[in-house]
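Shown next, in structure tokens, is the structure this report addresses.
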Amino acid sequence: MERERGIGTKCLHLESEEGSFDHYGAISYPIYQTATYAHPGVGQSTGYDYSRLQNPTREQLEKVVASLEKGIDALAMSSGMAAITLLMELFRPGDHIIVDADLYGGSIRLFRNISEKNGVTFTSIDCYKDDVAACIRENTRAIYIETPTNPMMHVTDIAALAEIARERDLLLIVDNTFLSHYFQNPLELGADIVVHSGTKYLGGHNDTLAGFLVTNREDISEKFRFLIKTTGAGLAPFDSWLILRGIKTLGIRMERAQGNAFLIANWLKEQEAVTQVLYPGLSEHPGYEIMKRQARGFGGMLTFQVRDQEFALSILGKVRMIRYAESLGGVETLITYPYTQTHADVPEEIRVKNGITRQTLRLSVGIEDGADLLAELSDVFAQS
Ligand SMILES: *Cc1c(COP(=O)(O)O)cnc(C)c1O
């Protein structure tokens with residue numbers, strides 16, 4: 001039997017093996033910057049008719065992501081939110097979905113303002129600890145989670161939830177943006193659909209927006225293909241190429257970001273001004289054991305609480321190399337203030353319930369030299 005390659009190797013070499021191209025021995029997949037395709041004859045097609053339906057560069061990226069995420073199909077879309085918006089087209093007025101309370105703010109905004117208007121209802125609970133089965137209704141169709149969550153880093157047992165979903169014939173949808181397929185494969189744990197903001201770790205350079213839907217079910221893949229053709233938010237050829245390039249270095253970036261995250265988490269724990277460090281790689285984190293079971297790593301995201309708002313704002317105002325910006329998963333370390341940035345549109349009572357306060361800061365740890373990150377944080381803390 002042929003031995004299976006490691007995921008780091010697969011991120012690099014799938015590109016040439018999954019695709020069908022062999023143009024001049026090019027190592028990098030070509031960018032097919034075309035909107036349409038000539039037909040060889042009447043009733044004939046090269047397999048490509050129009051780029052809203054499919055484009056070779058996008059298709060190449062989709063094959064790579066489907067394979068790495070252990071699905072049978074992946075759709076590359078123009079952003080993570082475009083992907084989640086298309087996903088919501090699986091549902092009809094009257095359908096009910098159980099969602100985790102601590103989701104990416106944009107997902108909450110979409111569900112509350114657009115999906116609800118379209119007649120879909122939601123029950124928002126803490127899936128890592130609440131009784132999910134008790135919230136299932138006659139019209140419940142799906143469970144939608146992130147793990148670890150954004151920004152509170154709650155960890156949900158995917159396999160346990162998948163069992164509940166399977167018993168009641170619900171779709172289990174997992175947004176895998178925080179760990180990426182390098183560290184976690186929800187489909188293998190029983191999920192039906194995986195969502196990614198490819199803008200984050202997959203692209204990895206804070207320069208391209210992208211989103212993915214991945215599934216291991218034929219029936220869902222067929223629906224998705226109809227929807228992307230019909231609604232048209234497929235990823236552009238050049239952006240597809242940028243994400244393909246990003247994935248080549250996913251492994252070393254994730255490992256390095258994780259190493260730096262451990263350094264910073266342990267340093268933060270020692271700071272008097274820090275009241276709590278939320279990083280699932282710390283053995284005292286409540287989700288640590290589940291993470292060890294269901295993931296291959298802990299990622300580069302961490303959240304911490306400081307003693308008061310003044311201190312939080314002072315840190316945000318004083319960072320230099322670390323940039324005060326939204327987004328995550330890129331090579332540069334970013335610090336975010338969820339209260340007024342990513343989760344500003346989330347109603348106050350939900351933010352409070354989730355623990356997102358004026359003292360909450362989130363770090364997307366990049367791949368700088370760890371010592372430089374610690375030096376900057378030391379300076380900033382000393383001045384605050
Ligand atoms: C950023 C993000 C999204 C949305 O993706 P965009 O590419 O910004 O549209 C969805 N889920 C999570 C967890 C995210 O971090």
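Atom set for the values below is all heavy atoms of this structure, side chains included, hydrogens, waters and symmetry mates excluded. Worth saying up front: this structure is predicted, and the values here are computed from it rather than measured. Order of listing sets the numbers, starting from 1, for every ligand and every atom in it.
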Can you confirm whether or not the ring centre of [X] sits under 6.0 Å from the ring centre of [Y]?
| X | Y | result |
| --- | --- | --- |
| F178 | F183 | no |
| Y144 | F111 | yes |
| Y279 | F304 | no |

Closest protein heavy atom to atom 4 (C) of ligand 1, given as residue, atom name and distance to 0.1 Å: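 Going atom by atom, the protein heavy atom closest to atom 4 (C) of ligand 1 ends up being Y104 CE2, 3.4 Å.
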Atom 7 (O) of ligand 1 - nearest protein heavy atom and its distance: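 For atom 7 (O) of ligand 1, the nearest protein heavy atom is T199 OG1, 2.6 Å.
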Below 3.5 Å, N or O to N or O, backbone or side chain included: is there any such pair between [X] and ligand 1?
| X | answer |
| --- | --- |
| D175 | yes |
| G80 | yes |
| S197 | yes |

NZ/NE/NH1/NH2 to OD/OE distance under 4.0 Å, E62 and R225: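 Salt bridge present between E62 and R225.
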Worked verdict on R351 versus E348 for salt bridge (charged side-chain N to carboxylate O under 4.0 Å, His left out): CA-CA 5 Å; R351 277 185 303 197; E348 172 73 8; 2.8 Å; yes
Enclosure of E310 CD (heavy-atom neighbours >12, cutoff 6.0 Å):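 Not buried by this count: 12 neighbours or fewer within 6.0 Å.
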L328 contact mode with ligand 1 (heavy-atom cut-off under 4.0 Å):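 Looking at L328 and ligand 1, just side chain atoms fall under 4.0 Å.
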Contact check, A210 vs ligand 1, heavy-atom distance below 4.0 Å: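 Yes, A210 has a heavy atom closer than 4.0 Å to ligand 1.
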Residue selection (non-hydrogen contact nearest atom 2 (C) of ligand 1) among M301, K200, M81: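 Looking at heavy atoms only, the winner is K200.
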